[in-house]
Amino acid sequence: MMRKLLLASAFSMLATGAAQAGEQYVDESGFAISGYDAVAYFDLKQNAVGTRQPEAIPGKAFITAEYNGATWAFSTEANRDKFVADPAKYAPAYDGHCAYGLAQGGKVPANPNLWRIVDGKLYLNITPNVVGFWESDIPGNLTKADENWSSKEATPASSRSWKSIDDNKGTYSVTAPIEG
């Protein structure tokens with residue numbers, strides 16, 4: 001009986017620890033990744049370093065799931081189901097904050113259309129210029145970002161809007177999520 005109690009307590013502490021991730025970046029849309037479909041990135045053809053990625057796929061406001069304290073929108077129910085089955089596989093690194101920003105030591109917003117998948121993980125950046133800095137040394141920037149994340153994860157999420165940054169004008173043609 002005591003062993004079962006200890007195992008249950010240990011499991012409870014592990015589950016609680018996993019649930020205490022940092023705050024997900026959520027902009028004025030009210031959705032994680034600004035309402036774009038986290039699973040759909042993995043079906044897009046990724047372009048070479050130095051070239052712009054395809055635009056993210058907008059989610060639908062009525063196909064959603066909850067994860068890490070945020071609402072996520074999906075373009076299809078199948079994508080939502082894939083996400084629910086393994087959210088850590090699809091959720092962007094650093095709770096949706098800019099990967100290069102983390103490499104530089106800060107939690108800043110991320111533009112969902114400035115993305116790259118590296119070793120099966122989705123990374124976002126804040127502006128087209130920042131993408132250039134990020135891509136100039138992806139392995140080095142990942143190392144720095146990962147080192148900084150341990151001290152930044154528990155800090156509040158960025159409250160800034162990536163759309164309010166002039167450099168992001170023209171980086172998206174659709175506002176997500178789609179209502180209808």
Side-chain angles (χ1 to χ4, degrees), residues 18-47 49 52-59 63-76 79-128 130-131 133-135 138-139 141-150 152-163 165 168 171-172 174-177:
Q20 293 181 356
E23 287 182 13
Q24 189 69 41
Y25 171 64
V26 175
D27 67 3
E28 66 275 6
S29 71
F31 290 83
I33 318 179
S34 304
Y36 290 84
D37 185 333
V39 175
Y41 287 97
F42 293 84
D43 293 328
L44 293 172
K45 182 180 182 303
Q46 184 164 245
N47 292 328
V49 169
R52 190 168 169 181
Q53 298 291 28
E55 280 193 36
I57 305 299
I63 304 176
T64 64
E66 299 295 317
Y67 175 69
N68 196 25
T71 303
W72 300 69
F74 302 92
S75 58
T76 67
N79 280 4
R80 180 197 53 211
D81 295 346
K82 285 179 186 177
F83 182 85
V84 168
D86 191 0
K89 176 179 179 177
Y90 298 106
Y94 315 122
D95 296 329
H97 290 88
C98 174
Y100 185 75
L102 259 299
Q104 298 304 302
K107 241 183 181 181
V108 297
N111 179 331
N113 288 301
L114 303 176
W115 60 275
R116 178 156 302 284
I117 296 171
V118 179
D119 296 330
K121 190 68 183 165
L122 174 62
Y123 296 91
L124 305 175
N125 279 289
I126 189 169
T127 66
V130 166
V131 170
F133 296 126
W134 165 253
E135 290 184 343
I138 293 172
N141 285 316
L142 278 173
T143 297
K144 289 179 194 172
D146 288 344
E147 289 169 359
N148 290 334
W149 186 238
S150 62
K152 293 293 182 185
E153 183 175 8
T155 63
S158 175
S159 60
R160 293 180 43 213
S161 170
W162 63 272
K163 288 183 180 178
I165 301 168
N168 282 324
T171 62
Y172 63 99
V174 176
T175 298

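In what follows, every heavy atom counts, from backbone to side chain, and hydrogens, waters and symmetry copies are set aside.
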Kindly say whether [Y] contributes a backbone atom to a donor-acceptor pair with the side chain of [X] at under 3.5 angstrom?
X      : Y      : result
Trp72  : Ala38  : no
Lys121 : Ala91  : yes
Asn113 : Glu55  : no
Lys107 : Glu153 : yes

Inter-residue atom distance [X].[atom1] - [Y].[atom2], 0.5 Å rounding:
X      : Y      : atom1 : atom2 : answer
Asn141 : Asp146 : CG    : CG    : 10.5 Å
Tyr172 : Lys163 : OH    : NZ    : 4.5 Å
Asn168 : Leu114 : CG    : CG    : 6.0 Å
Asn79  : Ile63  : CG    : CD1   : 9.0 Å
Tyr90  : Asp37  : OH    : CG    : 10.0 Å
Lys89  : Phe42  : NZ    : CZ    : 7.5 Å

Query raised in the report: Can you name the ring pair (Phe, Tyr, Trp, His ring centres under 6.0 Å) partners of Tyr36, sequence neighbours left out?
Result: none
**Report entry** Under the salt bridge (Lys or Arg N to Asp or Glu O under 4.0 Å) test, residues paired with Arg80 that sit two or more places apart
**Finding:** none
Nearest atoms (heavy-atom pairs only) where [X] meets [Y]:
X      : Y      : value
Ala110 : Cys98  : CB-N, 3.6 Å
Ala176 : Pro58  : CB-CB, 3.7 Å
Pro112 : Ala56  : O-CB, 3.6 Å
Val108 : Gly101 : CG2-CA, 4.0 Å
Ala103 : Asn148 : O-ND2, 3.2 Å
Ala85  : Pro87  : C-CD, 3.9 Å

**Report entry** Contacts of type side-chain contact (heavy atoms from CB on, under 4.5 Å), residue Thr64, not counting sequence neighbours
**Finding:** Phe31, Thr71
Requested in this report: With sequence neighbours left out, write down each residue that passes side-chain contact (heavy atoms from CB on, under 4.5 Å) with Phe133, or none if nothing qualifies.
Outcome: Tyr100
Report task. Indicate the ring-plane relationship of Trp115 and Tyr41, choosing parallel, tilted or perpendicular according to the 30° and 60° boundaries. Result -> perpendicular
Query raised in the report: Which class fits the ring pair His97 and Tyr25: parallel under 30°, tilted 30 to 60°, perpendicular over 60°?
Result: tilted
Requested in this report: Just do the side-chain contact (heavy atoms from CB on, under 4.5 Å) check on Asn111 and Ile126 with the steps written out, would you?
Outcome: CA-CA 5 Å; Asn111 179 331; Ile126 189 169; 5.9 Å; no
Would you say the side chain of [Y] lies within less than 4.5 Å of the side chain of [X], judging by non-hydrogen atoms?
X      : Y      : result
Ile33  : Leu124 : yes
Val131 : Gln53  : no
Arg52  : Thr171 : yes

Report task. Could you tell me which residues satisfy side-chain hydrogen bond (donor to acceptor under 3.5 Å, both in side chains) with Glu135, sequence neighbours excluded, listed by chain and number? Result -> Arg116
Query raised in the report: In chain order, what residues pass the side-chain hydrogen bond (donor to acceptor under 3.5 Å, both in side chains) check against Trp162, with sequence neighbours excluded?
Result: Asp27, Ser34
**Report entry** Asp43 atom CG, neighbour heavy-atom count above 12 within 6.0 Å
**Finding:** yes
Query raised in the report: Name the one of Val84, Ile57, Val39, Asp81 that satisfies side chain to side chain contact (heavy atoms under 4.5 Å, CB included) with Phe74?
Result: Val39
Report task. Cation-pi check, Lys152 to Tyr94: give yes when NZ or CZ is under 6.0 Å from the six-membered ring centre and within 45° of the ring axis, no otherwise. Result -> no
